[in-house]
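Note that this is a predicted model, so its numbers are computed, not measured. Heads up: numbering here begins at 1 and tracks the sequence.
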Amino acid sequence: NCDIRASEVQGLLAGLMAANIHTRLDEYVARLAEYADIQSGAITQIASTLETLFGSLHESWSGIGLDFEMLLPEDDELIEERADALGAWCESFLAGLGFSGELSKERKLSEDVRQALEDLSEIARIEADGDDESLEKAFTDVSEHVRLASLLIATELRGDHNEASNEPIVH
């Protein structure tokens with residue numbers, strides 16, 4: 001029985017892949033066990049689920065990542081639950097980046113990425129209570145922001161490894 005949410009399982013992987021798309025499944029599984037303090041026996045039970053997750057995220061992040069969906073509770077869950085899972089996703093994403101070793105002090109990051117990282121660490125501490133409409137709307141906006149922020153970080157971090165395109169990107 002694992003005490004880790006789907007959102008964290010995916011967030012951690014996304015963080016690792018944001019830094020290095022060539023992260024291997026076994027590396028990820030080892031990091032996950034370490035992060036969540038899961039016994040290897042428990043990991044074995046969810047191995048096929050992890051493989052599926054790994055495959056789909058790898059595929060979506062190898063491309064532009066626009067079809068990337070975060071694993072969060074369904075819309076009919078309590079907003080607190082969903083906000084909590086979103087916070088956990090951000091936290092584990094940042095942990096994955098940390099594990100990757102790509103965010104060293106020497107690493108020059110663009111202002112956008114710095115901001116995105118800051119936003120994610122803010123959102124990692126998110127707490128929602130109350131159940132009004134505006135909260136629903138805010139949640140949708142915030143989770144979309146997280147999705148785009150993580151893609152932005154991934155695009156920049158991996159850009160250095162992508163020698164194929166040296167042309168400046170025009171926005």
Handout entry: side-chain contact (heavy atoms from CB on, under 4.5 Å) evaluation trace for Leu109 with Leu157
Key = CA-CA 8 Å; Leu109 297 172; Leu157 289 182; 4.0 Å; yes
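Remark: Tyr35 OH to Leu12 CG distance equals 6.5 Å, nearest 0.5 Å. The structure places CD of Glu136 at 7.0 Å from CG of Asp75, a figure rounded to the nearest 0.5 Å. A distance of 4.5 Å separates CD1 of Ile43 from CD1 of Ile38, quoted to the nearest 0.5 Å. Taken from OG1 in Thr140 to CG in Leu135, the straight-line distance is 9.5 Å, to the nearest 0.5 Å. Put simply, CD1 on Ile21 and CD on Glu59 are 10.5 Å apart, with the number rounded to the nearest 0.5 Å. From Ser150, atom OG reaches atom CD of Gln10 across 8.5 Å, with rounding to the nearest 0.5 Å.
Partners of Thr23 by side chain to side chain donor-acceptor pair (under 3.5 Å), not counting sequence neighbours: none found. In terms of the salt bridge (charged side-chain N to carboxylate O under 4.0 Å, His left out) criterion, residue partners of Lys137 (sequence neighbours excluded) are, by chain and number, Asp141. In this structure, Thr52 has no side chain to side chain donor-acceptor pair (under 3.5 Å) partners at least two apart in sequence or on a different chain. Among residues two or more places apart in sequence or in another chain, the salt bridge (charged side-chain N to carboxylate O under 4.0 Å, His left out) test is passed with Asp76 by none. With sequence neighbours excluded, no residue satisfies salt bridge (charged side-chain N to carboxylate O under 4.0 Å, His left out) with Arg114. Shown here are the side chain to side chain donor-acceptor pair (under 3.5 Å) partners of Ser110, two or more places apart in sequence or in another chain: Glu156. For the side-chain contact (heavy atoms from CB on, under 4.5 Å) test, residues two or more places apart in sequence or in another chain that qualify with Glu51 are Leu25. In this structure, the side chain to side chain donor-acceptor pair (under 3.5 Å) partners of Asp67, at least two apart in sequence or on a different chain, are Ser60.
Between Leu71 and Val9 there is no side-chain heavy-atom pair separated by less than 4.5 Å.
Formation of a donor-acceptor pair under 3.5 Å by the Glu77 side chain with backbone atoms of Glu74 is not found in this model. Side-chain N or O atoms of Arg158 include one that pairs as donor or acceptor with a backbone N or O of Met17 at under 3.5 Å. Counting only distance, with no hydrogens or angles, the side chain of Glu81 and the backbone of Leu78 share no donor-acceptor pair below 3.5 Å.
The salt bridge (charged side-chain N to carboxylate O under 4.0 Å, His left out) analysis of residues 146-155, with sequence neighbours excluded, yields the pairs Glu144-Arg147. Applying the ring-ring contact (aromatic ring centres under 6.0 Å, His included) rule to pairs touching residues 36-61 yields Trp61-Phe68, sequence neighbours excluded.
Glu8 and Ala88 make their closest contact through CG-CB, 3.5 Å (heavy atoms, listed as atom of the first residue, atom of the second, distance). Taking all atoms of both residues into account, the shortest heavy-atom contact from Ser7 to Trp89 is O-CD1, 2.9 Å. Closest approach of Ser143 and Leu72 over heavy atoms only: CB-CD1, 4.1 Å. Smallest separation of non-hydrogen atoms from Arg24 and Glu27: N-OE1, 2.6 Å.
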Check: residues 93-100 side-chain donor-acceptor pairs under 3.5 Å, at least two apart:
unit_1, atom_1, unit_2, atom_2, d
Ser100, OG, Leu97, O, 2.5
Ser100, OG, Glu102, N, 3.1

Taking only distance into account, with no hydrogens and no angle test, what donor-acceptor pairs under 3.5 Å do side-chain atoms of residues 115-123 form with protein atoms, sequence neighbours excluded?
unit_1, atom_1, unit_2, atom_2, d
Gln115, NE2, Asp119, OD1, 2.8
Asp119, OD2, His145, NE2, 2.7
Ser121, OG, Leu117, O, 3.1
Ser121, OG, Glu118, O, 3.1
Glu122, OE2, Arg125, NH2, 3.1

